[in-house]
Amino acid sequence: MNANPILLQKKYARVVNLLSEKTGATLDESLKTFYSSMTYRLMREGVSDMHCMSDEYLAEEIFEEGKEETNNA
């Protein structure tokens, strides 16, 4: 299923804002983290209707991805 592009952009903005609040990072840093995440790629491609998940869930997924990358480095 493909989401409306405008609604998807608004969702991205909300998720980035939540990620920034959760991590204490700047919005620019959170935006970079968001766009480099697997979660973003899944949302963009419409895989498993990831875009239908709550903003909080998606921000948490991206946060966890970042923790895993840090632990694997």
Side-chain angles (χ1 to χ4, degrees):
M1 171 186 218
N2 290 329
N4 179 304
I6 294 169
L7 296 178
L8 201 51
Q9 289 295 320
K10 289 181 178 186
K11 183 159 198 78
Y12 294 165
R14 291 190 308 269
V15 171
V16 168
N17 190 48
L18 285 170
L19 186 60
S20 177
E21 290 174 6
K22 183 173 190 58
T23 63
T26 66
L27 287 174
D28 285 341
E29 292 167 335
S30 295
L31 188 62
K32 182 178 178 182
T33 300
F34 174 76
Y35 279 123
S36 64
S37 71
M38 178 60 74
T39 301
Y40 163 70
R41 285 187 283 264
L42 294 173
M43 289 173 66
R44 183 187 66 212
E45 295 170 8
V47 174
S48 299
D49 290 335
M50 285 293 284
H51 61 278
C52 295
M53 301 296 182
S54 74
D55 300 344
E56 293 82 9
Y57 173 84
L58 294 168
E60 181 65 28
E61 282 295 304
I62 295 167
F63 178 73
E64 291 297 324
E65 281 181 47
K67 284 181 17 183
E68 287 178 20
E69 288 176 10
T70 301
N71 289 338
N72 291 333

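Heavy-atom basis, side chains included; hydrogens, waters and symmetry copies ignored. Keep in mind that what you see is a predicted model, and the values were worked out from it rather than measured.
Inter-residue side-chain proximity for E65 and Y40 is flagged as unmet; no heavy-atom pair is nearer than 4.5 Å. For the pair E61 and E64, the minimum side-chain heavy-atom distance is 4.5 Å or more. Looking at F63 and T23, their side chains come closer than 4.5 Å, going by heavy atoms from C-beta outward.
The OG1 atom of T39 sits 7.0 Å away from atom CG of L58, with the distance rounded to the nearest 0.5 Å. Atom CE of M43 and atom CD1 of I62 lie 7.0 Å apart (nearest 0.5 Å).
Applying the salt bridge (charged side-chain N to carboxylate O under 4.0 Å, His left out) rule to R14 yields the partners D55; only residues at least two apart in sequence or on another chain are considered.
Other residues, nucleotides and ligands contribute only 12 or fewer heavy atoms inside 6.0 Å of the CD1 atom of I6.
Both Y12 and V15 belong to a common hydrophobic cluster when Ile, Leu, Val, Met, Phe, Trp and Tyr are linked at side-chain heavy-atom distances under 4.5 angstrom.
A donor-acceptor pair under 3.5 Å links the side-chain atoms of K11 to the main chain of M53, judged by distance alone.
Among N17, V16, L19, the one residue that satisfies the side-chain contact (heavy atoms from CB on, under 4.5 Å) test with L31 is V16.
Heavy-atom minimum distance, S20 versus S30: CA-OG, 3.1 Å.
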